[in-house]
Amino acid sequence: MKTIAIDMDGTLLHEEGYITKENATALEKLQENGDKVVIATGRGMPDVQRLLQEVNVKPDGIISLNGAIISWGEEIIREVHMIREDAVALMHWLDEQQIYYHAYTNKGIYTPPQSSDYFRSDLDAFTATLDNGNEVNERIWNVAEGHRRKSKMKDLPAPEFIEENQITVYKFLILSMLGEKLQGCRNSWEDQESIHITSSGRDNLEIMHPNTQKGIGLMHLTEHAGLSMDKTYAIGDNFNDLPMFEKAATSIAMGNAEPEVKKAATFETTHHNESGVAHAIETFVLNTPAGSSLS
């Protein structure tokens with residue numbers, strides 16, 4: 001019995017935000033074979049469930065918010081959250097720097113009302129020098145607004161709202177098209193021992209508790225379910241997948257993965273828009289023993 005942990009954005013999902021028929025069929029084939037399918041993503045649990053329901057796939061386990069909330073079957077088996085004071089301090093800093101963010105909490109996803117203005121300003125600056133700037137600007141903005149609607153985000157009146165209402169914060173997703181803003185955030189916060197910074201794309205940072213990592217989440221899930229880490233596979237494309245690659249017996253990078261992620265992987269599959277997860281499952285999982293090499 002093998003356990004296959006699969007990232008979503010840039011991996012299982014097409015760039016337009018859906019799971020292809022080929023990928024869905026491959027997941028079903030794994031489960032029919034007696035193997036376990038685990039979704040390991042930075043997305044929140046409701047978002048994961050919505051996307052999987054669209055293709056009638058029910059995973060055996062979910063590592064959501066990079067490992068902040070982990071479920072096995074219908075049971076939540078682990079939760080990790082940020083120190084509330086850290087979360088509030090970070091919110092104040094992000095507001096001062098005019099940086100767009102989402103805060104994932106036990107009461108939903110919060111974002112300040114002015115946050116959209118920050119993102120629009122960064123987007124305008126990013127696309128101003130592009131030959132097809134207006135087209136790129138409109139496309140990115142429409143995708144961002146679509147995500148906001150689907151995620152049912154709530155307005156955060158002020159950072160103190162989190163403390164006053166004793167809200168639990170699991171993770172921040174920080175978005176900007178301006179690399180210098182993201183680097184400034186990383187420089188200002190990466191030395192704080194009580195938070196961990198990673199990324200799932202060149203336009204974002206993810207900030208959470210240091211114990212919130214996909215690799216740690218995978219270890220907890222397999223231990224809870226009585227599964228062997230020696231028979232685990234991890235499929236992903238970005239930096240927040242690296243801790244999972246380090247723990248899994250076999251790691252598979254997408255064709256569109258970051259160079260550092262490809263370098264860390266055991267194998268490489270095709271692009272996420274070409275149902276690369278299905279290709280990985282057929283080529284490296286169903287036909288190759290866990291932890292082995294094709295060379």
Side-chain angles (χ1 to χ4, degrees), residues 1-15 18-43 48 51-52 55 57 59-64 66-67 70 198-202 206 213-219 221-222 225 227-295:
M1 182 190 300
K2 302 170 185 175
T3 303
I4 300 85
I6 308 167
D7 172 51
M8 294 199 85
D9 291 274
T11 301
L12 184 62
L13 297 180
H14 188 279
E15 67 178 1
Y18 65 89
I19 300 171
T20 66
K21 180 180 179 181
E22 292 79 7
N23 281 348
T25 298
L27 299 186
E28 292 171 0
K29 186 179 291 188
L30 281 173
Q31 292 178 316
E32 290 170 359
N33 192 54
D35 298 320
K36 302 301 182 183
V37 172
V38 174
I39 301 300
T41 178
R43 289 181 180 247
V48 177
L51 289 162
L52 293 172
V55 290
V57 169
D60 298 282
I62 299 174
I63 299 169
S64 70
N66 285 344
I70 304 172
T198 185
S199 173
S200 58
R202 293 185 179 274
E206 296 180 313
Q213 298 183 41
K214 291 184 182 182
I216 297 173
L218 181 59
M219 292 183 68
L221 185 146
T222 53
L227 303 169
S228 172
M229 282 296 293
D230 292 336
K231 296 182 179 180
T232 54
Y233 288 77
I235 308 176
D237 74 300
N238 226 297
F239 299 106
N240 63 340
D241 296 312
L242 287 175
M244 186 167 63
F245 278 24
E246 293 171 2
K247 301 297 184 183
T250 303
S251 53
I252 305 170
M254 302 301 294
N256 52 282
E258 293 290 339
E260 296 91 333
V261 177
K262 290 183 179 182
K263 185 177 180 180
T266 313
F267 303 122
E268 180 179 335
T269 185
T270 55
H271 197 280
H272 71 125
N273 288 344
E274 300 169 353
S275 299
V277 166
H279 180 267
I281 289 169
E282 291 288 349
T283 306
F284 305 122
V285 181
L286 292 176
N287 297 320
T288 308
S292 69
S293 173
L294 293 182
S295 61

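We're numbering straight along the sequence, starting at 1. Worth knowing before you read on, the calculation uses all heavy atoms, side chains too, and leaves out hydrogens, waters and symmetry mates.
Taking each heavy atom of Gly236 and Ala257 in turn, the nearest pair found is O-CB, 4.3 Å. Considering every non-hydrogen atom in both Pro59 and Ile39, the closest pair reads CB-CG1, 4.0 Å. Shown here for Ala24 and Val55, the closest heavy-atom pair between the two residues is CB-CB, 3.9 Å.
By the salt bridge (charged side-chain N to carboxylate O under 4.0 Å, His left out) test, Lys21 pairs with no residue at all, sequence neighbours left out. By the side-chain hydrogen bond (donor to acceptor under 3.5 Å, both in side chains) test, Asp60 pairs with Gln31, sequence neighbours left out. In this structure Ser251 satisfies the side-chain hydrogen bond (donor to acceptor under 3.5 Å, both in side chains) test together with Thr266, sequence neighbours excluded. With sequence neighbours excluded, the residues that form a side-chain contact (heavy atoms from CB on, under 4.5 Å) with Thr11 are Ile6, Asp7, Ile235, Asp237, Met254, Val277. For Asp9, the salt bridge (charged side-chain N to carboxylate O under 4.0 Å, His left out) test picks out Arg43, with sequence neighbours left out. Every residue two or more places apart in sequence or in another chain that forms a side-chain contact (heavy atoms from CB on, under 4.5 Å) with Met1 is listed here: Lys36, Leu227. Under the ring pair (Phe, Tyr, Trp, His ring centres under 6.0 Å) criterion, His271 pairs with no residue, sequence neighbours left out. Evaluation of the side-chain hydrogen bond (donor to acceptor under 3.5 Å, both in side chains) rule for Asp241 yields Lys214 as partners, not counting sequence neighbours. Every residue two or more places apart in sequence or in another chain that forms a side-chain contact (heavy atoms from CB on, under 4.5 Å) with Ala278 is listed here: Glu22, Asn23, Ala26, Ser275. With sequence neighbours excluded, no residue forms a side-chain hydrogen bond (donor to acceptor under 3.5 Å, both in side chains) with Thr3.
Under the 4.5 Å side-chain criterion, counting only non-hydrogen atoms from C-beta, Ile70 is in contact with Ile63. Counting heavy atoms from C-beta on, the side chains of Asp35 and Leu286 come closer than 4.5 Å. In this structure, Ile281 and Lys29 have side chains that are not in contact, with every pair of non-hydrogen atoms separated by 4.5 Å or more.
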I'd like to know whether Asn240 forms a side chain to side chain donor-acceptor pair (under 3.5 Å) with Asn238, so could you lay out the CA-CA distance, the side-chain angles of the two residues, the decisive distance to 0.1 Å, and finally the verdict.
CA-CA 6 Å; Asn240 63 340; Asn238 226 297; 6.0 Å; no
Check step by step if side-chain contact (heavy atoms from CB on, under 4.5 Å) holds for Leu13 and Ile19.
CA-CA 5 Å; Leu13 297 180; Ile19 300 171; 3.5 Å; yes
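Judged purely by atom type and a 3.5 angstrom limit, Lys247 has no side-chain atom pairing as donor or acceptor with the backbone of Leu218. Thr283 places no side-chain N or O within donor-acceptor distance of the main-chain N or O of Ala280, the cut-off being under 3.5 Å. Of the possible donor and acceptor atoms, one in the side chain of Asn256 sits under 3.5 Å from a partner among the backbone N and O of Gly10.
Between the CG atom in Leu12 and the CG atom in Leu52 there is a gap of 7.0 Å [rounded to 0.5 Å]. With values rounded to the nearest 0.5 angstrom, Thr222 atom OG1 is found 13.0 Å from Lys231 atom NZ. Annotation: the span from Thr250 atom OG1 to Asp230 atom CG amounts to 10.0 Å, rounded to 0.5 Å. Distance check: Ile4 CD1 to Tyr233 OH gives 7.5 Å after rounding to the nearest 0.5 Å. Expressed to the nearest 0.5 Å, how far CE of Met229 lies from CG of Leu221 amounts to 10.0 Å.
Sorted by first and then second residue, the pairs that involve residues 256-267 and meet salt bridge (charged side-chain N to carboxylate O under 4.0 Å, His left out), not counting sequence neighbours, are Arg202-Glu258, Lys262-Glu268.
Side-chain polar atoms of Thr20 and His14 form no donor-acceptor pair below 3.5 angstrom.
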